[in-house]
Amino acid sequence: VLMATGFDSYTPSDGEFGYKSFENVVTLPQFKRIIELNDKKLIFKGKEIRNIAYIYCVGSRQIDGDNKYCSRYCCTSAIFAAIHTKTKFDNINNYHFTRGIRTYGKQEVLYAESLKRGDIYMQSYEDAPPVVTKIDGKTSVTINDILTAKKEMSVEADLVVLVTGMVPR
């Protein structure tokens with residue numbers, strides 16, 4: 001007997017990484033829909049998007065909470081969306097805020113392609129996730145990047161994409 005219950009994407013709580021607090025913070029499934037709805041320019045809520053910050057492991061690999069596991073598809077899905085966005089639209093800058101990229105098997109090719117296209121990756125420890133703030137109408141994502149000896153890095157983002165994990169139905 002094989003029982004496949006399926007899954008739903010994790011829905012961040014209000015305020016988690018600015019979700020539902022800032023109008024330019026969306027989940028990865030919402031971002032994919034935004035990409036589909038635009039043709040020549042990436043527009044969201046009337047503003048052209050150039051700088052995109054992806055925050056990984058939202059709802060996966062949590063220190064606190066129920067989802068302590070890796071969902072195994074989120075990194076690959078986000079990287080694929082980032083490549084697709086750069087292919088479809090001009091002048092897009094992708095900034096990836098990770099806790100370590102997990103692209104399994106041949107999906108590692110997507111990670112290599114993303115790097116070749118100029119995507120920037122930063123990494124933090126589990127106990128020091130990125131922080132999303134809004135000052136004077138501008139959204140910033142800040143991280144203590146362990147890839148640069150914990151140097152504080154900050155990116156002004158037009159759109160923040162929360163790379164959400166799976167939760168069982």
Side-chain angles (χ1 to χ4, degrees), residues 4-89 92-111 113-114 117 119-124 126 129-134 139-141 143 155 157-169:
T5 61
F7 74 92
D8 292 312
S9 291
Y10 172 80
T11 301
S13 58
D14 291 0
E16 188 175 1
F17 296 108
Y19 186 70
K20 291 194 176 177
S21 297
F22 306 143
E23 71 281 349
N24 60 337
V25 176
V26 298
T27 63
L28 183 59
Q30 292 167 333
F31 178 61
K32 289 179 178 180
R33 185 71 178 137
I34 293 166
I35 295 169
E36 288 175 21
L37 294 174
N38 285 274
D39 286 324
K40 296 180 180 170
K41 291 183 179 182
L42 185 57
I43 306 290
F44 181 66
K45 297 207 174 188
K47 296 180 182 175
E48 186 173 357
I49 305 301
R50 296 211 183 273
N51 296 324
I52 304 169
Y54 301 84
I55 299 178
Y56 285 65
C57 299
V58 178
S60 293
R61 300 173 61 201
Q62 297 173 323
I63 292 175
D64 298 320
D66 295 331
N67 301 342
K68 300 194 182 312
Y69 53 84
C70 173
S71 291
R72 290 187 56 105
Y73 86 101
C74 322
C75 290
T76 301
S77 187
I79 293 169
F80 181 82
I83 291 168
H84 180 61
T85 304
K86 271 198 163 177
T87 303
K88 188 172 180 180
F89 307 105
I92 297 292
N93 300 306
N94 291 318
Y95 301 93
H96 302 262
F97 294 82
T98 77
R99 289 179 22 203
I101 292 295
R102 295 181 178 195
T103 49
Y104 295 93
K106 60 185 174 183
Q107 303 305 332
E108 191 73 19
V109 172
L110 289 173
Y111 178 57
E113 183 179 343
S114 168
R117 290 177 177 265
D119 285 9
I120 296 173
Y121 287 82
M122 293 162 271
Q123 184 176 335
S124 66
E126 291 85 9
V131 176
V132 181
T133 57
K134 190 163 218 158
T139 305
S140 293
V141 181
I143 191 173
V155 171
D158 300 318
L159 189 65
V160 177
V161 177
L162 304 181
V163 182
T164 52
M166 289 189 269
V167 291
R169 289 191 177 138

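Throughout, residue positions are numbered sequentially from 1 according to the sequence presented.
Taking Y104 as the reference, C70, R72, R102 meet the side chain to side chain contact (heavy atoms under 4.5 Å, CB included) condition, with sequence neighbours excluded. Residues forming a side chain to side chain contact (heavy atoms under 4.5 Å, CB included) with N51 (at least two apart in sequence, or on another chain): N93, Y95, D158. Listed by chain and residue number, V167, R169 satisfy the side chain to side chain contact (heavy atoms under 4.5 Å, CB included) test with D8 (two or more places apart in sequence, or in another chain). With sequence neighbours excluded, the residues that form a side chain to side chain contact (heavy atoms under 4.5 Å, CB included) with R33 are E36, L37.
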Contacts table for residues 10-17: side-chain donor-acceptor under 3.5 angstrom, sequence neighbours left out:
unit_1 : atom_1 : unit_2 : atom_2 : d
Y10    : OH     : E16    : OE1    : 2.9
Y10    : OH     : E16    : OE2    : 3.4
S13    : OG     : E16    : OE1    : 3.3
E16    : OE1    : S13    : N      : 2.9

Side-chain donor-acceptor pairs of residues 43-50 under 3.5 Å, sequence neighbours excluded:
unit_1 : atom_1 : unit_2 : atom_2 : d
E48    : OE2    : R50    : NH2    : 3.2

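Across all their heavy atoms, S124 and P130 have their closest contact at OG-CD, 4.1 Å. When all heavy atoms of V58 and I55 are compared, the pair lying nearest together is CG2-O, 3.5 Å. In terms of heavy atoms, V163 sits closest to A78 at CG2-CB, 3.7 Å. Closest approach of I83 to L110, counting heavy atoms only: CD1-O, 3.4 Å. Nearest approach of R99 to E126, heavy atoms of both residues: NH2-CG, 3.1 Å. The two residues I35 and A81 come nearest to each other via the heavy atoms CD1-O, 4.1 Å.
Side-chain polar atoms of S114 and Y121 form a donor-acceptor pair below 3.5 angstrom. Residues T164 and T27 bring no donor and acceptor atom of their side chains to less than 3.5 Å of each other.
Aromatic ring pairs are classed by plane angle as parallel below 30°, tilted from 30° to 60° and perpendicular above 60°; the pair H96 and Y54 is parallel.
Within the 4.5 Å cutoff, side-chain heavy atoms of D119 are placed close to those of K86. Counting heavy atoms from C-beta outward, L162 and V26 have side chains that stay 4.5 Å or more apart. I79 is not listed as a side-chain neighbour of Q107, based on a closest heavy-atom distance of 4.5 Å or more.
Side-chain atoms of S71 come within 3.5 Å of backbone atoms of M166 as a donor-acceptor pair (strictly under, hydrogens ignored). No donor-acceptor distance shorter than 3.5 angstrom exists from the side chain of K134 to the backbone of F22, with no hydrogens or angles considered. S77 contributes no side-chain N or O that, together with a main-chain N or O of Y73, makes up a donor-acceptor pair within less than 3.5 Å.
Distance check: E113 CD to F80 CZ gives 9.5 Å after rounding to the nearest 0.5 Å. To the nearest 0.5 Å, the span separating CD1 on I92 from CG on L42 amounts to 5.0 Å.
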